[in-house]
Amino acid sequence: MPTLLEGLNPQQLAAVTLPAQSALILAGAGSGKTRVLTTRIAWLIANGHVSPSGIFAVTFTNKAAKEMLARLTGMLPAMPRDMWIGTFHGLANRLLRTHHAAAGLPGLFQILDSSDQLSAIKRTMKALNVDTERFDPRKVQAFINQSKENGLRASQTEAWDPYQRKLTEIYAAYDEQCQREGVVDFAELLLRSHELLSRNDSLRQHYQERFRYVLIDEFQDTNRLQYRWLKLFAGPDTTLMAVGDDDQSIYAFRGAHTGNMQEFQRDFSGNHLIRLEQNYRSQGNILDAANALISRNPERLGKELWTDAGHGEPVMVFRAEDDRAEASWLCQQVRRLQDDNHRLSDIAVLYRANAQSRELEHSLFAAGIPYRVYGGLRFFERQEIKHALAYLRLLVNPDDDNSLIRVINFPARGIGARTLEQLTETALAGQVSLWQVCRQQPAGKSAERGVAAFVNLISRLREEALPLNLPECIAHILEHSGLNQFYRNETDGQDRLDNLDELVNAGRLFYQETGMNATSDQQLAEFLALASLEAGHHQANAGEDALQLMTIHAAKGLEFETVFLTGLEEGLFPSEHALSEERGIEEERRLMYVAITRARKRLYLSWAGKRMLHGRERWGIASRFLTEIPEELRSEIRPATQRSMPRATPATTPVTALRAAPTPAAPWRSGMNVKHAKFGTGVILDVAGMGNDLRVQVRFAGEHGTKWLAMAYARLEALA
DNA sequence: CTCATTAGATTTTTT
DNA sequence: ATCTAATGAG
């Protein structure tokens, strides 16, 4: 297969053609990781090492799974259906649907997304009469998910104090409630299938013998449960390949466990570690900056990227007065690039937190630069879509209380909180679903008439809509539930109507792909599972050439010719939160590493001395990450607009000299740069008291953080 | 029951 | 600044 392996470098080749031995592949940013993974699968099949049905490949996102599938289509003669390629959750779902009885689930179980889960937890807490002041439902949600991700059921969690005991009690009740209603949350998909396989020896053996080659993408992002789950598929004759980059692990905050990489070596691969260090993306200076920065992190598996592309331009650094100046500078630079015939879609603007996009958007809008913001609400998370899906879910399973509550009074039918409370009490007392209670309501008082009308509506929809095909079924429900009418009456309802239309379209697509029959419960259930597992693309409206705005997290896996990284200030990036967390700085540094390695040719870093945050003005100092990039790789940009400076200076004039003007006996004020004998340089955040009692709050660079200093004692020196 | 006002909180995010 | 969730008046 010469064409298949053509152009691979020696390390890539070694990974692709590794004999039947498990291995860990340390794949740096831009080192051709996805190519290696897909080529390996194609090579294994083409050379008869395995039949397609013996392949089990796991990714994190649907996007990655799709890309893998798409690339494989080009490499294989035919796309075999019996390869298992998908996300952790997608594959777990497949497993549970196939063996639902053995897993103790109804055949048409529904999947709760995070917000569904939260409302389910709130209901559980209400039923248990838990004080939501003392127990934040979101904390409870985090507790339950963390427990599940550690493989622990409620009965297995340790509860030392009354608080923990209460949490455990809620956890147990929540799981019972889910079981009763026939729904599972994301973590449950994994935990339940893990239990299924670990308890059922013959089933486990069957899969272990079937899947000869197991491949895992983005391994550094796996959590403990996911790794344990993977190990169940590894029999004595299974070959595993885990591909990942510990330096790009930026999801520890949601449970990613980098230690899995070390454990993988211990469990499977022994000495089989292959490093992919040749970078095909960035130019030398950018790569050197990334290498220097990440080398400050302890406990790395170790890896240094290199390239044979030239050094390229230095990393540009710009210091702005405030966030507005930063934004307008950005607009200028983008315009300049545009004038040089660069496409806007090749330029990305990255930031640490979503809130930062607002100011940037203002300026971009004013400057008439088209842009697209990634992130935010996804298609299947929109309220109108969730309402529509809730109606559909009730068709499949009327006992789904979550869905019933969502739509019983939407559009308004005169069923208020009081009525719902009564229904819930009755349901709780009889241990039945709300639907069962509703059905037995007499049509007496007005609220009861409302309930009866709702029962009629759902019953009628079931009879009328299910015989139709999927898209027609959805359309029918939108029309007859009153959802369409509701949004037609809304002043800005057009967008929502369009989205609902888009849902019918999604149904049509699914219908065409999965066999065109009248809508069966089965087909509808599968469609709904897809909707939960695949929240939908962020924003698909391509077309116009636009600047790309997104968080660094969202940029992972992407690359751009030019990257602007904004808001490089202590407290923002690295974030305030990270400073107080163990290993926090390391994760932020990896985030910086990811940001830098997104750039192919040009990298601009900017920061602002003053910034509006949460409606307050905050003073900041340059992020430590700036100085962690070696000086010889950096080039400071001087502001062009200030006090009519002679424009003769080229844009890349090195470091603006600090005018060391001797400040008069300082009237200390916020924003002032200062120097302390022990703590080094910093910036004044706040001033309080007067005379002998004068105190100032200073945020220092480096490890010292923010401190209040009594000016009667502290020797503080003002810098210009 | 519905609408309006107000207090409170705000890294990062996939499934 | 802006969003959400939880209260209180009509």
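Just so we're on the same page: letters track the sequence lines, and every chain starts at 1.
The separation between A/His553 atom NE2 and B/dT13 atom P is 7 Å, rounded to whole Å. Rounded to whole Å, the distance from CG on A/Asn62 to C1' on B/dT13 is 14 Å. In this structure, CZ of A/Phe88 is placed 20 Å from P of B/dT13, rounded to the nearest angstrom.
For C/dA1, neither phosphate oxygen OP1 nor OP2 lies less than 4.0 angstrom from any side-chain nitrogen or oxygen of A/His614. An OP1 or OP2 oxygen of B/dT14 is reached within less than 4.0 angstrom by a side-chain nitrogen or oxygen of A/Arg378. Distances shorter than 4.0 Å separate none of the side-chain N or O atoms of A/Arg254 from OP1 or OP2 on B/dT14. The side chain of A/Ser532 places no N or O atom within less than 4.0 Å of a non-bridging phosphate oxygen (OP1 or OP2) of B/dT15. Between A/Thr551 and B/dT13, a side-chain N or O to OP1/OP2 separation shorter than 4.0 Å is present. Residue A/Asn354 has no polar side-chain atom (N or O) positioned under 4.0 Å from OP1 or OP2 of B/dT10.
Side-chain to base pairing of A/Ser114 with B/dT13: no donor and acceptor N or O lie closer than 3.5 Å to each other.
In this structure a side-chain-to-backbone donor-acceptor pair under 3.5 Å is present from A/His553 to A/Ile250. Judged by distance alone, the side chain of A/Gln356 and the main-chain N or O of A/Ala353 form a donor-acceptor pair under 3.5 Å.
Residue A/Ser403 comes nearest to A/Arg393 through the heavy atom pair OG-CD, 3.3 Å, listed as atom of the first residue, atom of the second, then distance.
With a 6.0 Å radius and a threshold of 12 heavy atoms from other residues, nucleotides or ligands, A/Arg300 has its CZ atom above the threshold.
As judged by a 4.0 angstrom heavy-atom cut-off over every strand, A/Phe60 is placed among residues touching the sugar-phosphate backbone only. Residue contacts for A/Gln117: at a heavy-atom cut-off of 4.0 Å it reaches no nucleic acid atom on any strand shown. Residue contacts for A/Asn409: at a heavy-atom cut-off of 4.0 Å it reaches the sugar-phosphate backbone alone, with no base atom in range.
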